[in-house]
Protein chains: 2
Amino acid sequence: MRNTEQKSLILEVLQTHKDHPTADQVYNEVREKLPKISLGTVYRNLEKLSSAGIIMKLEIGGGQKRFDPNPMGHSHFRCLSCSSVEDLPHDFKIDLPEIPDGNRVVLGTTLEYYGYCEECAATRQLH
Amino acid sequence: MRNTEQKSLILEVLQTHKDHPTADQVYNEVREKLPKISLGTVYRNLEKLSSAGIIMKLEIGGGQKRFDPNPMGHSHFRCLSCSSVEDLPHDFKIDLPEIPDGNRVVLGTTLEYYGYCEECAATRQLH
DNA sequence: CTTAGTATAGTAATAGTTATCAATAAGCTT
DNA sequence: AAGCTTATTGATAACTATTACTATACTAAG
């Protein structure tokens, strides 16, 4: 994997995020510094970075894929109203049960909470 | 919600499934009995049935949405190779931790296991 | 410097899903 | 059972997110 200005900037932009932007959000931010970059380049590099284990691709509910600067396993909260995705503090331990049937190969798990985020929950109260 | 031949057949087809077909799989099966049905009708009815809580829409990793005849909460196993999605037997209890921050409204959780299904795991052994 | 291999921008193509709309069918109400 | 109202349908267009293609530009090694 060759290092290019585009790739470094994409990674840098993603790593300033506490949340989990979509490819086009990253694209728009990167364009501020590199206006000629193409959306395809953003997709390609996000893909490469995630298959190299540097970032994490979230194939989570809702339309678009999202990208997480932190590749370590942790769970997410997805807002059904504004579609934002937040990390959940994972100081607590989850003991996931073993799957009974031993012939599958289990590589990992995804735990997702969904509902309304703090902001949207507050807005809904007003109605 | 008005009852139509199309809707009943879509539900019936889905309920004969142990797995979790995509909209176009349902479409193809329904077409055997109702050749003039349109794909839009299938999407529309799957959407209605799921927002009525009769079935469940799975917005799970991988390209397409899948539909589950069983709306009760249970977890899924997704095969990274053949993309199939199976129910996991849920006789075991999972105690999911409470989310610390009380200002979110948590409506539910999704727990997904991924890896290689029995069949694909066996094939991979051969290589 | 040449060359071979990558990466890029720009654009076209694809896949999955949703929206539009005139025609039809359901399900009251009498 | 006939008429009325409104939801639903099939057909198709539109849309969104993502991937593929292609000619050009860059990089590192010999």
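Given the structure is predicted, the values throughout are model-derived calculations rather than measurements.
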What residues form a side-chain contact (heavy atoms from CB on, under 4.5 Å) with B/Met72, not counting sequence neighbours?
B/Asn70

If I take atom CG in residue A/Leu9 and atom P in nucleotide C/dA7, what distance separates them, rounded to the nearest angstrom?
17 Å

Counting C-beta onward and ignoring hydrogens, is there a side-chain heavy-atom pair between B/Leu88 and B/Tyr113 closer than 4.5 Å?
yes

Picking from C/dG27, C/dA7, C/dA9, the nucleotide nearest the side-chain atoms of B/Asn3 would be C/dG27

Estimate the overall bend of the helix from C/dC1-D/dG30 to C/dT30-D/dA1 from the end axes over five pairs each, rounded to 10 degrees.
30°

Who passes salt bridge (Lys or Arg N to Asp or Glu O under 4.0 Å) against A/Glu29, sequence neighbours left out?
none

Atom-pair distance (CZ on A/Arg31; C1' on C/dG10), nearest Å
13 Å

Under the side-chain contact (heavy atoms from CB on, under 4.5 Å) rule, collect the residues that match up with B/Thr22, sequence neighbours excluded.
B/Asp24, B/Gln25, B/Gln64, B/Arg66

Walking along DNA chain D from 5' to 3', note the first and the last nucleotide with an atom under 4.0 Å from a heavy atom of chain A, and give both.
D/dA17 to D/dT27

Not counting sequence neighbours, which residues clear side-chain contact (heavy atoms from CB on, under 4.5 Å) with A/Ser8? List them please.
none

Which of residues 34-57 of chain A have a heavy atom under 4.0 Å from DNA chain C?
A/Lys36, A/Ile37, A/Ser38, A/Thr41, A/Arg44, A/Asn45, A/Lys48

Tell me, which pairs form a side chain to side chain donor-acceptor pair (under 3.5 Å) where one or both residues lie in residues 32-41 of chain B, sequence neighbours left out?
B/Ser38-B/Thr41, B/Thr41-B/Arg44

Here the gap from A/Ile10 atom CD1 to A/Ile37 atom CD1, rounded to the nearest 0.5 Å, amounts to 4.0 Å

For B/Cys79 and B/Cys120 the tightest heavy-atom approach is SG-SG, 3.8 Å

Give, for atom NZ of A/Lys7 and atom CG of A/Leu11, the distance between the pair rounded to the nearest 0.5 Å.
10.0 Å

Would you list the pairs meeting ring-ring contact (aromatic ring centres under 6.0 Å, His included) in which at least one residue belongs to residues 10-56 of chain B, sequence neighbours left out?
B/His20-B/His76

My understanding is that only residues two or more places apart in sequence, or in another chain, count here; which of them pass side-chain hydrogen bond (donor to acceptor under 3.5 Å, both in side chains) with B/Gln15?
none

Qualifying residues under side-chain hydrogen bond (donor to acceptor under 3.5 Å, both in side chains), relative to B/Lys57, sequence neighbours excluded
B/Glu47

Which whole-number value in Å describes the distance from B/Gln64 CD to C/dG16 P?
4 Å

B/Leu111 to B/Ser75 - nearest heavy-atom pair and separation:
O-CB, 3.0 Å

Can you sort out which residues in residues 13-30 of chain A have a heavy atom within less than 4.0 Å of DNA chain C? Ascending by number, please.
none

